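Worth saying up front: this structure is predicted, and the values here are computed from it rather than measured. For this chain, numbers begin at 1 and follow the sequence in order.
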Amino acid sequence: LQKTPSIDVMDAMGSHIRIDTHRMIVKRILPRPFDAINGEWLSNKSRYSCDGLAQQRLDQPYVKKNNTWTPVSWENAFHEIQQSLTKHKELAAIAGPLVDCESTLVLKDILTSLKCTHFECRPEGVYIDARTRGAYTFNSTIAGIDHADVALLIGTDLRREAPLLAARLRQRYLTGDLKVAYMGPDLKENNLTHAYHDLGNTVTVLDDLMNNTHSFSPILSSANYPLIIVGETALKGEQGLFILNKIHNLLQTFKGIQPHWNGYNFLAQSAGLVGALDMGFISHATHNSLEDIYAKVEAGHITWVYLHGADELDFDRLKKAFKVYQGHHGDKGAMHADVILPGAAYTEKEATYTNMEGRAQRTYAALNPPGMAKNDVTLLFELARHLNIALPYSNVEGVRQKMAAHHKAYEHVGTLQSHSLEALGLEGSITRPSFEPYEQENYMTNSISRHSQIMAQCEKIHGGLNHGK
């Protein structure tokens, strides 16, 4: 077996892995020890979803004609895109969960030169504050859990969303030096594997904690290193910004923000999210623009949409737009596209992914993309040349220099930067009484795992448990 060190992208942990290949097929993925993130462990989805890398791959460009996809050359695919741009009004671009930093930045530069102003990389309906980097990263760091004395989990199904993080929290709990509380929807069979204070699913508990009228307030007040982990479920809807503001006030009241300690931790669920936010792949820092894109497509204002590995969308609301899909699997986005550009999976390219802590890390190519598929940055450079767009760089090193200009985290890959948190969320009145229930899918959360037979079997078993079977 050929062994290649790399980084996992099945969640936002950024676990260190080894990819074992034989005859251009990924045979297995194993953990590489790295104490700061995954120790010696790896989640089941990261380890066993690799069979999905060989299924339903996009291996050549396609153009849709008369509701039929026709295989074409790269030249013809780029020409079709060029022709489509002459017929359309406003443009939009949406990035999916597995995008790397380099291709995201290049795509934004290409579309900005075409006067595109509609960008979004945040999950549908999730309002993540992107005004400062500390608002969307795991600031206490994964290893910092070992120093926490109180942990408050808000709207996160930790064992599903970040199982290795849940294991690290349990490891700290077993020392006897950590007290844990949870507020959010019913965890069902995903209950934490240690004792915790269940604060219920009422948003007003945040006010009770602030006012010292809740039974958990004295415990939080006695903490020297409190950490709060906020899941995407807590930020559903515009009121998620108001909840963030209350969490910020809570942190300031209970030693959560100190010169040597930042207790605010946003739990990103996808490997591409933090990097895409760093690259500025958004239209508005606090407002999730996806609903605006949907509405403008339906109204006929946006008539052209670029889907950069974006599959988790309401495609009925995008049906009026001309759609270009760049990705590595024949997933939902490809099925609704007018032009398909086959890219490379994370096992087939050297690319930068930024984990939930804000740590930039590199994947390395263990094999080549299948058929006519290309590395994503190479693909976009060729598209720019075909569209006669002059980019401010000529190679991937130039792209990385611009990435470093965006954030210091990209100057030295693998290192961490501390972040301040002067503001978080917006002031406003919260009218919803509780958090929304969690999504039930655990294993089939991206285009690779959705095509894994092993993950399908896991989801079948897990779904049965959810329904009491």
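- The two residues Glu459 and Tyr443 come nearest to each other via the heavy atoms OE1-N, 3.0 Å.
- Electrostatic pairing of Glu312 and Lys332 does not count as a salt bridge here, judged by no charged N lying under 4.0 Å from a carboxylate O.
- Looking only at side-chain heavy atoms (C-beta outward), Met356 and Phe266 stay at 4.5 Å or farther from each other.
- Taking a cutoff of 4.0 Å between a charged side-chain nitrogen and a carboxylate oxygen, Arg131 and Asp129 qualify as a salt bridge.
- Between His260 and Tyr225, the angle of the ring planes goes over 60°, which puts this pair in the perpendicular group of the 30/60° scheme.
- Counting only distance, with no hydrogens or angles, the side chain of Thr233 and the backbone of Thr156 share no donor-acceptor pair below 3.5 Å.
- A donor-acceptor pair under 3.5 Å links the side-chain atoms of Asn262 to the main chain of His419, judged by distance alone.
- Taking the six-membered ring for Trp and the full ring otherwise, Tyr182 and His197 have centroids separated by 6.0 Å or more.
- The main-chain N or O of Leu1 is never found under 3.5 Å from a side-chain atom of Lys27 such that the two would form a donor-acceptor pair.
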Given the rule in the side-chain hydrogen bond (donor to acceptor under 3.5 Å, both in side chains) test, do Asp51 and Ser452 qualify, once you have shown the distances and angles that lead to the verdict? CA-CA 5 Å; Asp51 63 316; Ser452 164; 2.5 Å; yes
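- The neighbour count for Met24 CE, taken as heavy atoms of other residues, nucleotides or ligands under 6.0 Å away, is above 12.
- Arg168 and Asp146 are joined by a salt bridge, as a carboxylate oxygen and a charged side-chain nitrogen come within less than 4.0 angstrom of each other.
- Relative to the six-membered ring of Phe119, Lys108 meets both conditions, a distance below 6.0 Å and an angle of at most 45° to the axis.
- The shortest distance between side-chain heavy atoms of Val339 and Tyr325 does not fall below 4.5 Å.
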Evaluate side-chain hydrogen bond (donor to acceptor under 3.5 Å, both in side chains) for Asn355 paired with Glu357, printing each intermediate quantity in order. CA-CA 5 Å; Asn355 80 340; Glu357 304 169 293; 2.8 Å; yes
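- Donor-acceptor pairing under 3.5 Å is lacking for the side chains of Asp292 and His284.
- At most 12 heavy atoms of other shown residues, nucleotides or ligands fall within 6.0 angstrom of atom NE2 in His412.
- Judged purely by atom type and a 3.5 angstrom limit, Asp149 uses its side chain to pair as donor or acceptor with the backbone of Asn224.
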